[in-house]
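Heads up, the thing below is written out as structure tokens.
By convention in this document, chain letters (A, B, ...) are assigned in the order of the sequence lines, proteins followed by strands, and residues within each chain are numbered from 1.
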Amino acid sequence: MNVKKADLVIIGGGPAGMAAAIEASKNGIRDILILERENNLGGILHQCIHNGFGLHYFGEELTGPEYAWRFIDEVHARNISYYVETTVINFGPDKTITAINSQEGLFIIKPRAVVLAMGCRERTRGALNIPGTRPAGIYTAGLAQKFVNMEGFMPGKSVVILGSGDIGLIMARRMFLEGAQVKMVCELMPYSGGLNRNIVQCLEDFDIPLRLKHTVVAIHGKERLEGVTIAQVDEHRKPIMETCETVTCDTLLLSVGLIPENELTREAGIIVDRRTSGPVVNDCMETSMEGVFACGNVVHVHDLVDYVSREGARAGECAAAYITAEGDKAEGGEIQITAGKCVRYTVPQKIVPKGQKNIRLFFRVTDIFRKVKIVVKANGETVFERKRNKVTPGEMESLEIPGSILNSPTNVNELLVEVQNIEEGQ
Amino acid sequence: MLYDVVVIGAGVTGAFIARELSRYELKVCMLEKETDVSMGTSKANSAIVHAGFDAVPNSLKAQLNVRGNKRMPLIAQELGVDFKQIGSFVLCHSKEDIPKLEELMKRGISNGVEGLEIITGDRLKAMEPNITAESIAALYAPTAGIICPYELTLHAAENAVENGVDLKLGHEVTSIRFDSNIFIISSAQDEFKAKFIVNAAGLYADTVSMMAGDNSFSIKPRRGEYVLFDKAHGNLVNRVIFQLPSAKGKGVLVTPTVDGNLLVGPNAEEIQDKQDTATTCSGLSEILRTASLSVSLPSTGDIITSFAGLRAGADTGDFIIRASEGNKRFIHAAGIESPGLTAAPAIGERVVKLLEESGLRLVQKTNYNPSIKYGKAARHMTGDELNKLIRQHPEFGRIVCRCEKITEGEILSSIHRTIGATNLDAVKRRTRAGMGRCQGGFCSSRVVEILSRELKVPAEEITKFGGNSRLLMGRTKHNLETNC
């Protein structure tokens, strides 16, 4: 079998992978190879033709394709190599990558470092166990988006959307603008899983009803979808059957969550966090396998591509440092970051202290909270806090904490992030 | 054209009857109402090749199951179908039930099942480490196995077609007349003449029988629901794990599938509507709950799909494989419920024998080829074999379905093979594209595009499974006036 060499292989050429490649190149790594399974770089951004991208990263509002092209142009300008229509089919414990494409056939690469940037996939009907028939007309929101925005086809004309994740909200607007009747968006939880700005701009502006605490309990139609039965759910998220109502529609779009694609990660034996479904990483975005870094939606599902790019750049920078300083790795104790009260998870999950100036933490809260403060404790003592008017599970929180707190009090071995009520002050 | 035999129904039973008939110098036609073969009971079942211990001794079910099981390894090889003889366990969850397990073993021995033994204690735990602590003993049947039922049906039907059988898809039989010793079989589009008819119409075998004036039996559909778990859990059990029927119910099975998923099901519910393959909330919870007696199941979030199939059982309780009382040239292969998949090759042999007894002259073909003309599927190739293929046909290096790692080459082959795929689900059954954990979320649009290109029809006309199951409803920017 064909064997190739590269210093750094990046699996996935979406926003995370491209940012990692560019940053590694800026840090002096020349022999970089991006492996992308689709026929062009850019990932899912190409089908996100709406705007709102780049406000944080570029300070301007771009569409998905525009945002992608900023990075694609830079990949080209830096002469970074990439293969498209190339799928990694195996990732071994010694960092050996087996991939396939039509030019090279099945081939092997043994790089010095790897960045995992495979992104995520959409949760399907199966995972929700929605009973009923199995007609045509049930799509994940992302697939519908691809049909409409990339291929120019309408997946249906009368639509119910289950799940108020961002793609579902965006698709409610898209389908409406393309002339479909969007009957409602049902959300199991008492709050939306999407960004507030999308609720306003995609639903409220078009009078599309958002039915909170509702789910789809049955699907009707033998060949093409003819309708769905929806019901309100109780506090345990169980449908209240007395509230069942049947809604006629020819299309059901599912926007019920994204799942990081970590099959390769698991096969390689890398530790995966059950809460994020992504690899456990340190503040260098390094996974439990030395020299293997990860970034973007494969680590945890982001709301904003801008943060994905930042995370990618961090992974690329650290992968470059790893390659440059090979065999010269600083051996230091790791500091665990614990998700405390009302915090579902943090990324990174640990820190390797080596005099960092700042550390960026991402986390999600477990419920909607108003007038709270985010508190960071080192060995049980509060070392940092920030006030927030409102935090919600649908919006990822980010915190930049000064590196100096790792040294005070001495020998910090645990950081804890929690949400506190301002009034109670505890 | 006057056919010697028309086989009505292209499920696994019809396919194996047609294949068996294709050994002889005969003009044979298979009629199927759906747009593909294997569209009824054959596509949604437990996918098990049963050992044959639970059918009533001397019943047709018992005889043909054991015979089918013995023939399956060679048939799978000839037809290029993946078959894994992993064995099965019938688990027993209480001491009081051990005599029932012994009873089952005795029955199996009298049916001619080989290698049966009762396993307990440490050996049981060593063979199946993940079964529950309550599972105290098991009847082990090493000859049981797992197979893909629609692959088996498709390849058997294709082998029949390659040996000269005509296959007419989309022909639902609407009437049968017998005139001057010839059957005239009508569909909405055409008429077919035949000297003999085989009724392998599955759920509709009673309807077809009545068209010929025979109402000696009726088919009572029994629905079975299943859930399929992600491949990450395919090795939760090593064998097909049944449960001993008990006061709590008939029990459900937990098994790896031949493609590496974990399959759990079925329940059994008598229904009226022969098209009602809807899953139900209560059914799905029932199978998950019952299966948990055998093994601790993965989280429901790891379910990739659920489905239901209808058993086509007859009110007589056994397979009905005999000539019609009114006309000996009309042969029934009806009431084929479990273990029908296993028995299908033996049903084929038996039906041909019955036809001969009814006067069909059998002359062996000299050029009969029992092997399917296609080689190993790309997904089963070694690296070197695959590289050789990619050098000749680069499309076998382009992966379209990322979850199951299915290439464009395999999708093209599925469309252009002997019985080619004409819709999304047909591609899925032939290649596994869309069968994985994303359930076609990423590849469906590509498969639609490839189908549209290869079949030279607009993408809007591509269906999920024929009929009115269109996937797309026109192009964008065509109906803006509805809202604005």
Side-chain angles (χ1 to χ4, degrees), chain A residues 1-2 37 85-87 89 98 100-107 121-137 139-140 142-143 146-157 176-181 206 217-220 222-224 239 250-251 259 261 263 266, chain B residues 227-228 232 275 277-281 283-284 300-307 383-384 386-387 390-391 394-399 402-403 405 407 424 437-442 444-445 448-449 459-460 463-484:
Chain A
M1 214 180 292
N2 195 346
R37 51 193 165 194
E85 292 190 330
T86 302
T87 304
I89 57 173
T98 311
I100 187 172
N101 68 25
S102 54
Q103 265 88 52
E104 312 282 334
L106 206 57
F107 62 98
R121 65 169 178 269
E122 297 176 280
R123 183 168 283 130
T124 64
R125 175 184 172 187
L128 304 179
N129 232 345
I130 307 173
T133 54
R134 292 167 298 289
Y139 301 98
T140 57
L143 175 59
K146 191 173 183 192
F147 274 129
V148 175
N149 293 350
M150 307 286 286
E151 324 269 340
F153 292 113
M154 286 297 279
K157 291 183 173 167
F176 179 92
L177 293 175
E178 291 294 347
Q181 189 188 9
F206 300 95
V217 293
I219 284 172
H220 311 287
K222 275 179 183 143
E223 296 185 328
R224 178 75 197 195
D250 58 35
T251 306
I259 306 165
E261 286 229 280
E263 280 64 40
R266 288 194 183 91
Chain B
V227 299
L228 191 70
Q275 292 180 49
T277 54
T279 54
T280 64
C281 190
L284 296 174
T300 54
D302 284 343
I303 293 173
I304 63 170
T305 191
S306 52
F307 61 91
D384 289 339
L386 191 56
N387 269 337
I390 295 170
R391 272 194 297 278
E395 61 274 18
F396 282 91
R398 215 154 30 233
I399 288 189
R402 55 174 79 166
C403 302
K405 303 180 180 94
T407 63
L424 190 69
R437 45 179 69 95
C438 90
Q439 287 287 296
F442 286 113
S444 293
S445 62
V448 168
E449 180 194 320
E460 300 96 298
T463 63
K464 190 173 187 312
F465 48 80
N468 188 33
S469 66
R470 282 201 305 159
L471 290 155
L472 301 167
M473 293 196 161
R475 305 205 58 107
T476 53
K477 322 284 184 224
H478 273 216
N479 52 350
L480 286 168
E481 68 281 3
T482 30
N483 282 316
C484 303

### Query
Does A:N2 CG have over 12 foreign heavy atoms under 6.0 Å away?
yes
### Task
Test side-chain contact (heavy atoms from CB on, under 4.5 Å) on A:E223 and B:F465 and set out the steps.
CA-CA 8 Å; A:E223 296 185 328; B:F465 48 80; 4.1 Å; yes
## Note on the structure
Interface check, chain A: of B:T305, B:V448, B:I304, most non-hydrogen pairs under 4.5 Å belong to B:I304
### Query
Under a 4.5 Å heavy-atom cutoff, which of B:R398, B:Q275, B:R402, B:E460 has the most pairs with chain A?
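Of the options given, most contacts go to B:R402.
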### Query
So which of A:V148, A:T98, A:T124, A:I259 has the largest heavy-atom pair count under 4.5 angstrom toward chain B?
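Among the listed options, the one with the most contacts to chain B is A:T124.
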### Task
Among the options A:L128, A:T251, A:I89, pick out the one with the most heavy-atom pairs lying under 4.5 Å from chain B.
A:I89
Is it the side chain or the backbone of [X] that comes within 4.5 Å of chain B heavy atoms, both, or neither?
X: A:K146; result: side chain
X: A:I130; result: backbone
X: A:Y139; result: side chain
X: A:E104; result: backbone

Considering only heavy atoms, which portion of [X] lies under 4.5 Å from any heavy atom of chain A: side chain, backbone, both, or neither?
X: B:T280; answer: backbone
X: B:F442; answer: both
X: B:N387; answer: side chain
X: B:R391; answer: neither

### Query
Does the side chain of B:R475 reach to within under 4.5 Å of the side chain of A:M154, using non-hydrogen atoms?
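They are not in contact (no side-chain heavy atoms under 4.5 Å apart), so the answer is no.
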### Query
Are B:S306 and A:N129 side-chain neighbours, meaning at least one heavy-atom pair lies under 4.5 Å?
yes
What closest approach, in Å, do [X] and [Y] show between heavy atoms, and which atom pair accounts for it?
X: B:M473; Y: A:D250; value: SD-OD2, 3.5 Å
X: A:T140; Y: B:G441; value: OG1-CA, 4.2 Å
X: A:P155; Y: B:L472; value: CA-CD2, 4.1 Å
X: A:F153; Y: B:A459; value: CZ-CB, 3.4 Å
X: B:L471; Y: A:R224; value: O-NH1, 3.2 Å
X: A:R134; Y: B:T277; value: NH2-O, 2.8 Å

### Query
Counting distance only, does the side-chain N/O of A:E178 pair as donor-acceptor with the main-chain N or O of B:K477 below 3.5 Å?
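Confirmed, A:E178 side chain pairs with B:K477 backbone.
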Reported [atom1]-to-[atom2] distance for the pair [X] and [Y], which is rounded to 0.5 angstrom:
X: B:I390; Y: A:L106; atom1: CD1; atom2: CG; result: 6.0 Å
X: B:E395; Y: A:E85; atom1: CD; atom2: CD; result: 11.5 Å
X: B:L386; Y: A:I100; atom1: CG; atom2: CD1; result: 4.5 Å
X: A:E122; Y: B:Q439; atom1: CD; atom2: CD; result: 13.0 Å

